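The structure appears below as structure tokens.
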Amino acid sequence: MSDTSDTTSRPIRVRMAPSPTGPLHIGTARTSLYNYLFARHVGGTYVLRIEDTDTARSTAEFERDIIDNLHWLGISWDEGPQVAGGEDIGPYRPYRQSQRMDRYAREAERLVASGHAYHCWCTPEELEAVRAEQAERKEAPRYNGRCLRLTDAEREAFAREGREPVVRLKVPPETIRFDDLIRGEVEFDNALLGDFVIVRANGVPLYHFVVVVDDEAMEITHVIRGEDHLSNTPKHIALIRALGYAEPRFAHIPLILNPDRSKMSKRKSQTAITAYREQGYLPETMVNFLAFLGWSPGTEEEIFTLDQLAERFDVAAVHKGGAVFDSDRLDYLNGVYIRALTDEQLALRLRPFLPDALDDATVLRVVPLVKERLVRLNDVGELVAFLVETDAEVEGLYAAGDLLPKKRDAAETAGAVTAARDALQSLADADFSADVLEARCRQAAEEMGWKAGDFFRPLRLAVTGRSVSPPLFGSMELLGRERVLARLDAALGKLTAERVTSA
RNA sequence: GCCCCCAUCGUCUAGAGGCCUAGGACGCCACCCUUUCAAGGUGGAGAUCACCGGUUCGAAUCCGGUUGGGGGCACCA
């Protein structure tokens, strides 16, 4: 390594470089997280750069999704756009590649002038033909260098035709070696690479080129990215050398996998962070879960906040092998985090997932009933639906037969519901509390010689319309005396009708 | 096809030569608790550390090969 490639003495700077061609992806989120944890751990600077050179696929909407969800995860950065469409912060502005085109053009020209790059007029059809031939001969598909050997007359002829050339890097046939922070020494033979395109015919530069130009321009010292870029690294190093840049340290983190162990994809898995957010996964769950996909502190501890992760994180300890995204484990972790919340905190988080019809005071009363039953915040809707549904809707949810406990007929069940009704009716509104309700109902059950569980079944169904519900008496308390009585009456009506029809 | 990377229970992982008759967690099963469902508690099944061969007194840990898996080879990022 030459002196120019020594990055150890420079202040540490890392970046995340999402492309706004889709919503924030699980993999991008995890890469961003690792970069963040690394930067925080070593006290470095963290940069957000928007890679929007693919103008056809990049949108402002995706940029917003990415930035918003990064914030949602609790990941912050020192430089770059802080809000979608907002002003860039930092000494290396702008941080959107679409606004840095002049620099890329300049650097491309410099490469051509120095003989490190050249124009190529081959058409897509011609290139395709070459590739097909190579495939035939079972060779690696790569550019055959035809335009490198063009005479000046031929170049002028192409130019006169009005054909716009692409720019290709002249890749020296040399062995590229680098010391990956995670994988150790990695070696490639660049003779196998072929001269790749760095600027399109329309003048728009390509990813491999702009990434290298910007990493230098922004003085990035450590490039932490997905393993899918490992084989692209020799290209980047070839570019770095041609441009005379300093070589950053590389760290290639393992891929997140579909259950079939292929690279996690939209096709086979839910990959958008937004989707998890909308279902009610907590950001602290996602962070904790993502951090452990490919890394662990080396102990048996597994619950960590973002700050604790930053304190413990060590890139060198990141695994080499890919990790399957296990949604069962994600669900479990979310439950752990939900249960760790105070009632007040959970009420706040639940608010967006609850109908407006429920006022904040009610939501706070709902929380203790649902807290340990939630996997995702989103699940709360079904749990408390009986509170917002009308009595008629609830009644429509079950049939008379559903009310009957095992080995009890309609007449017996009607008797039990009547007993419960009678026991509750005399209660003042103020006494309509879970404790009192439970005591009354248990007493009624005992007097009739019913098992409590059997006795509660028709009541649960009548009150909530469901055989699975939050705790019965808490639910009754929330619903209030009037509505409970009305629903009990409705159940009674069904049971009576059942007796008539079956008689 | 070529190049590169990887390999511990189904899954996430602990393990950096003797502490491993391989530990934890999720999931699964059973039991307990219990008004349903959860949550919680207890216990259990589950990995000849992919395979083969070395190095070593000793290997999941080091080396080589094999197999398997994955990724990359665009005028996408």
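Each chain gets a letter, A, B and so on, in the order the sequences are listed, and its residues count up from 1. This is a predicted model, so every value here is computed, not measured.
Remark: B:C51 base-pairs with B:G65; criterion is Watson-Crick or G-U wobble with both hydrogen-bond distances under 3.5 Å.
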In B/S/- notation (B base, S sugar-phosphate only, - none; protein heavy atoms under 4.0 Å), nucleotides 43-52 of chain B written 5' to 3' is ----------
Sugar-phosphate or base contact per nucleotide [nucleotides 63-77 of chain B; S, B, -; heavy atom under 4.0 Å]:
-------SBSBSBBB
Using a 4.0 Å heavy-atom cut-off, write out nucleotides 14-25 of chain B from 5' to 3' as B (base contacted by protein), S (sugar-phosphate only) or - (no contact).
SS-------BSB
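Residue pairs satisfying the side chain to side chain donor-acceptor pair (under 3.5 Å) criterion with at least one member in residues 197-207 of chain A, sequence neighbours excluded, are listed as follows: A:Tyr207-A:His229. Among residue pairs with one or both ends in residues 285-304 of chain A, those qualifying as ring-ring contact (aromatic ring centres under 6.0 Å, His included) are A:Phe289-A:Phe325, A:Phe292-A:Trp295, A:Phe292-A:Phe304, A:Trp295-A:Phe313; sequence neighbours excluded.
With sequence neighbours left out, A:Glu109 forms a salt bridge (Lys or Arg N to Asp or Glu O under 4.0 Å) with no residue at all. Every residue meeting the side-chain contact (heavy atoms from CB on, under 4.5 Å) condition with A:Leu192, not counting sequence neighbours, appears here in chain and number order: A:Asp189. Residues passing the salt bridge (Lys or Arg N to Asp or Glu O under 4.0 Å) test with A:Arg131 are A:Glu128, sequence neighbours excluded. Scored by the salt bridge (Lys or Arg N to Asp or Glu O under 4.0 Å) test, A:Glu300 finds no partners at all (sequence neighbours excluded). In this structure A:His116 satisfies the ring pair (Phe, Tyr, Trp, His ring centres under 6.0 Å) test with no other residue, sequence neighbours excluded. Residues satisfying the salt bridge (Lys or Arg N to Asp or Glu O under 4.0 Å) criterion with A:Glu164, sequence neighbours excluded, are absent altogether. Every residue meeting the ring pair (Phe, Tyr, Trp, His ring centres under 6.0 Å) condition with A:Phe250, not counting sequence neighbours, appears here in chain and number order: A:Phe178.
As rounded to the nearest Å, B:G24 and B:A45 have P atoms that lie 12 Å from one another. Using atom C1' as the reference point in both B:A60 and B:C9, the two lie 13 Å apart (nearest Å). Rounded to a whole angstrom, the distance from the C1' atom of B:U13 to that of B:A22 is 13 Å.
Between A:Arg183 and B:C4, a side-chain N or O to OP1/OP2 separation shorter than 4.0 Å is absent.
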